[in-house]
Amino acid sequence: MNPRELTADVVVVGAGPAGLNAARHLAAAGHDVVVLEARDRVGGRTWTDERGGVTLEIGGQWVSPDQTELLGLLDELGMETYPRYRDGENVHVGADGVRRRYRGDTFPVPDSTAKEIARLTELVDDLVAAVGATEPWAHPRARELDTISFGDWLRRQSDDEEACTTIALFIAGAMLTKPAHAFSTLQAVLMAASAGSFTNLTDECFILDRRVVGGMQSVSERLAAELGDRVHLATPVRTVRHGDGGVVVESDRVTVRAQRVVVAVPPPLFSRISYDPPLPRRQHQMHQHLSMGLVIKVHATYARPFWRHDGLSGTGFGTSTLVQEVYDNTIHGDDRGTLVAFVADEKADAVFALPEAERRAEILASIAQFLGEQALEPIAYYESDWASEEWTRGAYAASFDLGGLARYGADQRTPVGRIHWACSDLAAEGYQHVDGALRSGRAAAADITAALA
Ligand code: FDA
C-alpha cells in the first residue's frame, strides 16, 4: 500500500509532551500541523496503564513546585493534582547495612558524615547558582567542570566515602541514572540547576511533591484530543527530506509535505531517522555523545499500605542497597497500597542478567530491608523496562558523556535548516522532566512561528 500523501505547514515527529505541546502552540498560532507518532498511543515516556489490576504510572509521574510550565498547563486544562503520601517516619539503610528510622531531611548517618553531606550540598548549591541551567556551557569554568566526572570531583572535595556516595546518589542513581563516573560535574550541575537548586533535588518533598489525578499520560491525551485527527498513531517516521523548498517527512503510512519539521523524540533516536541530505558533521558527532540512562521502576501493590500502620511513610533511601529509593505510590482513591522502588545503572544491569523470578525476589528482598517482611508478598508486581522499548531505549532520559555538554551544548537545540529539535532531554529548566519537554516544545513552536511570519 502506498503511503497517504498529506500537506501541512509543520510536521511534528513524536507525540510525547514535547511534540504535542509544540503542535498545540503551532495550531494556536494558526498553522496547519500534523503529528506523526511511532507508537499506538500518545504520551511517550509518560504512560498510565493497568498491570495486574492496578493502575500504574509506568513512566513519568511527579510534579514539583518549580515546574511552572506543567503546572500552568494543568491549570489551563482544568486538571487536578494530589500530594504524594509522606506521613510518618522515613527509613535509611546506611553504608553499614543497618536500617534506621528517621524524620526530617537529614539522614541518620554519623555526625561527621552528616556535616560532610551538608558541606558538599552547599558546595554543589553554590556551583549550581553560579552556572545556572540556561547556558552551562558558557560559564568560564565549563570545560574544567565538564572534563571531570562527578564521582571524581566529589572525592576531591571530601574523603568521607559515605558523604560522597550520598551526594552522588541524588544525581547519579536518582536522576541521570548513570554511574557518577560516567557523567561530568557540569552535567550534574545542569541537572540540579534545572530543578532550581541541588537542595531541591535532595528534598523528596519538593521534587516528588504531587501527582496528576488521572495520571501523567492524560496530559498528553488531552493535548492530543485537542489536535484530533491531526495526530497519526503507529506511524514511525523513517526519512526527513529537506531543502529550500520545504520538507518531506516519510513514514510507513503517511508522507507529509510541509514548510518545517519538529523532531520531538529522545536525542539517541535522532539518528534512527534518515535525513536527506544528511545532517551536518556537527550534529552527526553531537548526537553520538548523548545517551540514555538506565533505571528499573518497580511497582509492588499490597492489599493494604502495611507500612503506614507501622508509622512509616514508605520513603526509604540507601546507597549500598539494591533498591536506592522507595516511596509510597498509592494511586489516588485506591484502598490498596502501592510502593514504587528504583534500581539504577550498574545495579540494573546486574539484576537484568538474572531470570525474572530471581530478579523479582532480589528486588522485593531489598524493599523489605526498608519496610519489613510484608513487602515480600505483593498482590501485584510490575517492572517498567523502558530500555527494551524500541522508541525510547532507556530511562529516564539522555545526557552527555564527559566533555560533551561543554563541547556541544550550545548547538543542541540549533535548527538545521528547516529541521527543529524538541525534547525534555534538551531543556534547561525542567531538563529530563515533563516540564522541560513542554518548554522545549513551546520554544520550537515559537521559533517556527517567527520563521514563517
Ligand atoms: P518522549 O520520549 O516522552 O516522547 C517522544 C515520542 O516520540 C514518543 O512517543 C516516541 O514513541 C516518539 N518517537 C520516537 N521515535 C519516533 C519516530 N521515528 N517517529 C515517530 N515517533 C517517534 N518526568 C517528570 O516530570 N516526573 C517524573 O516523575 C518522571 N519520572 C519518570 C520515570 C520514568 C520511568 C521515565 C521513563 C521518565 C520519567 N520522567 C519523569 C521523564 C518524562 O517522562 C520525560 O522527560 C518526558 O516524557 C519527555 O517528553 P518528550 O516529549 O521530550 O519525549
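Just follow the structure's listing: the first ligand is 1, and inside any ligand the first atom is 1.
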Does [X] come within less than 4.0 angstrom of ligand 1, counting non-hydrogen atoms of the residue?
X	value
G43	yes
A397	no
R272	no
T392	no

Using a 4.0 Å heavy-atom cut-off, which part of [X] comes near ligand 1: side chain, backbone, both, or neither?
X	answer
P266	side chain
A264	backbone
I58	backbone
L70	neither

Is the shortest N/O to N/O distance between [X] and ligand 1 below 3.5 Å?
X	value
C423	no
Q61	yes
V13	no
W386	no
Q67	no
V237	yes
G19	no

Cationic N near anionic O, under 4.0 Å, [X] to [Y]:
X	Y	answer
E383	R359	yes
D447	R442	no
R39	E389	yes
D328	R84	no
R282	D411	yes
K297	E57	no

Please work out whether the ring planes of Y396 and F342 are parallel, tilted or perpendicular, with thresholds of 30° and 60°.
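Rings of Y396 and F342: perpendicular, as their planes differ by over 60°.
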
Under the criterion side chain to side chain contact (heavy atoms under 4.5 Å, CB included), I'd like the reasoning laid out for L74 against L70: C-alpha separation, chi angles, the key distance, then a yes or no.
CA-CA 6 Å; L74 290 170; L70 172 58; 4.1 Å; yes

Nearest protein heavy atom to atom 26 (N) of ligand 1, by residue and atom, and its distance?
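The protein heavy atom lying closest is W62 O, 3.0 Å.
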
Among all protein heavy atoms, pick the one closest to atom 7 (O) of ligand 1 and tell me residue, atom and distance.
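Going atom by atom, the protein heavy atom closest to atom 7 (O) of ligand 1 ends up being G14 CA, 3.3 Å.
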
Scan residues 260-282 for pairs that pass ring-ring contact (aromatic ring centres under 6.0 Å, His included), counting only residues two or more places apart or in two chains.
F270-H287, F270-W421

